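Following: one structure in structure tokens, then a few remarks.
Predicted model only: the values in this text are computed from it and were never measured. In what follows, every chain begins at residue 1, and chains take the letters A, B, ... in the order their sequences are listed.
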Protein chains: 2
Amino acid sequence: MDIKSTEKEVNLLHERICSALGDPTRILILYLLSERGMYVNEISEALKLPQSSASRHLRVLRERNLVATERQGTAILYTLQDRRIIEALNLMRAILSQQLQEAAEITGAIQKINS
Amino acid sequence: MDIKSTEKEVNLLHERICSALGDPTRILILYLLSERGMYVNEISEALKLPQSSASRHLRVLRERNLVATERQGTAILYTLQDRRIIEALNLMRAILSQQLQEAAEITGAIQKINS
DNA sequence: TCCTTATATGTGGATAAGCGCATATATAAT
DNA sequence: ATTATATATGCGCTTATCCACATATAAGGA
């Protein structure tokens, strides 16, 4: 039951996307960009981040080809490279909301027992 | 263009799934489990991991409700909690394979120019 | 050219993640 | 009770990540 080395390489690449998603701020950025392209300062204001932090997070996303950039004068517009990343995030959101619902049901059941 | 605090909380939870996916070994484990339930030692052998590493990775996945456990005698069977996580991973894989394809086309074009 | 705006990066410090070794715990069998 | 098997955890170490401050770069306008 071994994993082939080629498959391992794909999964290593795979990990490049996943670890980019491993930071909550970057998830928020992706959701922001899913609505419209934005400039660095817009993002840093929306998320109340120091400009340098926003820039660095965006760099990670760009290095992993999750966002694209386009210079417009002195500003740089960041946009989603591939909207399917939002689909992937929404799938996780669906899993989460089900977990939360189940947790609430358990909490409710416990409260019933205790009352 | 502010993010509501409730939304922020959801995204924090969200991050719990994503950061679990942020490790290549855990991605491999999830793919293994997508085929069938497995015991810790099976996983550690398949991935050539020390038993303690496999156990720790599985704990992370369990704490985030991505896998479920069931004791069977002295062994513990790990299974996927929600197959949609594999859908999410496959979406990322699709994004990746497109990126790789585009990269190959660029490489090919450069080789043509240079020849 | 000098100044302003927008973005990127160098740096240091704090925190977390991952690893392997050794050891502890839990179940089952003799 | 002792032993064997399967899994989990304590520990120290190394490495990676994130942050915020200050500074650098890049483009545009006066």
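Judged by distance alone, the side chains of A:Gln81 and A:Arg62 never bring a donor and an acceptor atom under 3.5 Å apart. Looking only at atom types and distance, the side chain of A:Tyr39 has a donor-acceptor partner in the side chain of A:Gln72 under 3.5 Å away.
A distance-only check finds no donor-acceptor pair linking the side chain of B:Ser55 to the backbone of B:Gln51 [under 3.5 Å].
Contact annotation: A:Ser55 reaches the phosphate of C:dA8 (side-chain N/O to OP1 or OP2, under 4.0 Å). Distances shown here put every side-chain N or O of A:His57 at or beyond 4.0 Å from the OP1 or OP2 atom of D:dT17. A sub-4.0 Å separation between OP1 or OP2 of D:dT7 and a side-chain N or O of B:Asn41 is present. Under 4.0 angstrom from either OP1 or OP2 of D:dT9 there lies at least one side-chain N or O belonging to B:Arg59. Here A:Tyr78 reaches the OP1 or OP2 of C:dA8: one of its side-chain N or O atoms lies under 4.0 Å away.
Closest to the side chain of B:Thr74, from the set C:dT5, C:dT27, D:dA8, is C:dT27. Between D:dT7, D:dA6, C:dA22, one nucleotide has an atom nearer to the side chain of B:Gln51 than all others, and that is D:dT7. Checking C:dA6, C:dT11, C:dT27 against the side-chain heavy atoms of B:Arg71 singles out C:dT27 as nearest. In the set C:dC21, C:dT7, D:dA20, the nucleotide with an atom closest to the side chain of A:Ala75 is C:dT7. Here the nucleotide nearest the side chain of A:Asp23, chosen from D:dA20, C:dT7, D:dC18, is D:dC18.
Protein atom CE of B:Met38 is 15 Å distant from nucleotide atom C1' of D:dA6, rounded to whole Å. For the pair A:Leu21 CG and D:dC18 P, the computed distance is 12 Å after rounding to whole Å. Whole-Å rounding puts the B:Leu61 CG to D:dA8 C1' distance at 15 Å. Atom CD1 in A:Ile43 sits roughly 14 Å away from atom C1' in C:dA8 (whole-Å rounding). Atom-to-atom, CD1 of A:Ile76 to P of C:dT5 comes out at 18 Å; the value is rounded to the nearest Å. Atom C1' of nucleotide C:dA17 and atom CD1 of B:Ile27 are separated by 15 Å, given to the nearest angstrom. Atoms NZ (A:Lys48) and P (D:dC19) sit 16 Å apart, rounded to a whole Å. In this structure, A:Leu58 places its CG atom 9 Å from P of C:dT7, rounding to the nearest Å.
Under 3.5 Å, the side chain of B:Arg26 and the base of C:dG18 form no donor-acceptor pair of N or O atoms.
In this structure the side chain of B:Val60 never reaches within 4.5 angstrom of the side chain of B:Asp23, judged on heavy atoms.
For the pair A:Leu77 and A:Arg56, both in contact range of DNA chain C, the more 5′-proximal nearest nucleotide belongs to A:Leu77. Take the nearest nucleotide of DNA chain D for B:Ser52 and for A:Ser53: the residue whose nucleotide is more 5' is B:Ser52.
Heavy atoms of A:Arg62 sit nowhere under 4.0 angstrom from any nucleic acid atom.
Between A:Arg36 and A:Glu42 a salt bridge is recorded (basic side-chain N to carboxylate O distance below 4.0 Å).
By the 6.0 Å and 45° rule, B:Arg26 does not stack over the aromatic ring of B:Tyr31.
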